[in-house]
Amino acid sequence: MGKSRRYLIAGNWKMNIPSSDAGQLIADIVAKIANVTKMDVLVCPPFTSIHSAKNALAGMAGIFLGAQNFYPEKNGAYTGEISAVMLRELGVSHVIVGHSERRIHFSESDKFINSKVRYALASNLIPILCVGETADQRKKGEELAVVTSQLRSGLGGISQADAKKLTVAYEPVWAIGTGETATAEVAQVMHAFIRNLLVDLFGQKAASTVKILYGGSMRPDNAKDLLGQDDIDGGLIGGASLQAGLFADVVKIAGELAD
Ligand code: 13P
């Protein structure tokens, strides 16, 4: 494969899979992908399931644990929130930031998202910064402007050295949970556009190391086309990550492409 970046297949469980089910789902995934190497796998359970997921993963190389959110302060009076240190303590290495569901349902602003990206980097967590336009914005031809603005503000104040640790996810809102996927060509156009923006911001060398994941109804039947594109370095998978067989099949497809 011509790609220098290692694939990352990430599962975002969202508010699914309680602690009592997490160990089994992980065990099922692990059993199905035991022989898949040359790529990375990430699972992002809800906070309360992270511990069970960690126990089930014990000893598995190449499968990382992520969180779906955190609060960008050290500690203190932030009722209901979880800090970066608390996540690190559980073995979490990645955190999803700026997911459209948090922008929409929890009114997260670009400014707040930027503070999370910076705080995550300073705390040794890899932020997965999600960007993406709504159906309405795409209909109006605003998708490039929307993604530019989300990316530029989300990544404000980040050094070139830190930029190399970033992961970005392009998640068109109209494709999330809808069964409607961006075609590989449409996705590649946006991924290449994002890569160019990263070159503008951080230079060619740093930009070429950033993984850009695609998210939005990724499944085994569309994964090969999507992952085969030059600037698509993996997937951030919602619905299909809740079924070990579907998730493992996407992992295997990435493994074959990486061979
Ligand atoms: P679906 O795969 O369910 O469309 O969700 C994508 C997503 O939002 C991942 O973060």
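All figures in this text were calculated on a predicted structure; none of them were measured in a lab. We count ligands from 1, going down the list as the structure has it; atoms in each ligand are counted the same way.
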Q. Which word best sums up how the rings of Y170 and H191 line up, parallel for under 30°, tilted for 30 to 60°, or perpendicular for over 60°?
A. perpendicular
Q. Would you call D28 and K32 a salt bridge, taking side-chain N to carboxylate O under 4.0 Å as the test?
A. no
**Q.** Numbered atoms and elements of ligand 1 in range of N12, under 4.0 angstrom, heavy atoms
**A.** 9 (C), 10 (O)
**Q.** Donor on one side chain, acceptor on other, K116 and N69, under 3.5 Å
**A.** yes
Q | Heavy-atom gap G216 to ligand 1 smaller than 4.0 Å | A | yes
**Q.** Within-cut-off N or O pair, G177 and ligand 1, under 3.5 Å
**A.** yes
Q | S217, any N or O under 3.5 Å of ligand 1 N or O | A | yes
Q: Would you check whether A240 has a nitrogen or oxygen atom less than 3.5 angstrom from a nitrogen or oxygen atom of ligand 1?
A: no
Q: Compute whether any side-chain donor of one residue and acceptor of the other, for E171 and H99, lie under 3.5 angstrom apart.
A: yes
(Q) Could you check whether D231 and Q188, counting side-chain N and O atoms only, form a donor-acceptor pair closer than 3.5 Å? (A) yes
Q. Which of these, K14, M218, E171, Q68, has its nearest heavy atom closest to atom 5 (O) of ligand 1?
A. K14
**Q.** Protein heavy atom at shortest distance from atom 6 (C) of ligand 1
**A.** G238 N, 3.7 Å
(Q) Under 3.5 Å between any N/O of G239 and any N/O of ligand 1: does that happen in this structure? (A) yes
Q: Pull out every atom of ligand 1 sitting under 4.0 Å from any heavy atom of A175, numbered as shown with elements.
A: 4 (O)
Q. Hey, are D249 and R219 close enough for a salt bridge, meaning a charged N less than 4.0 Å from a carboxylate O?
A. no
Q) How would you list, by chain and number, every residue that makes a salt bridge (charged side-chain N to carboxylate O under 4.0 Å, His left out) with K211, sequence neighbours excluded? A) none
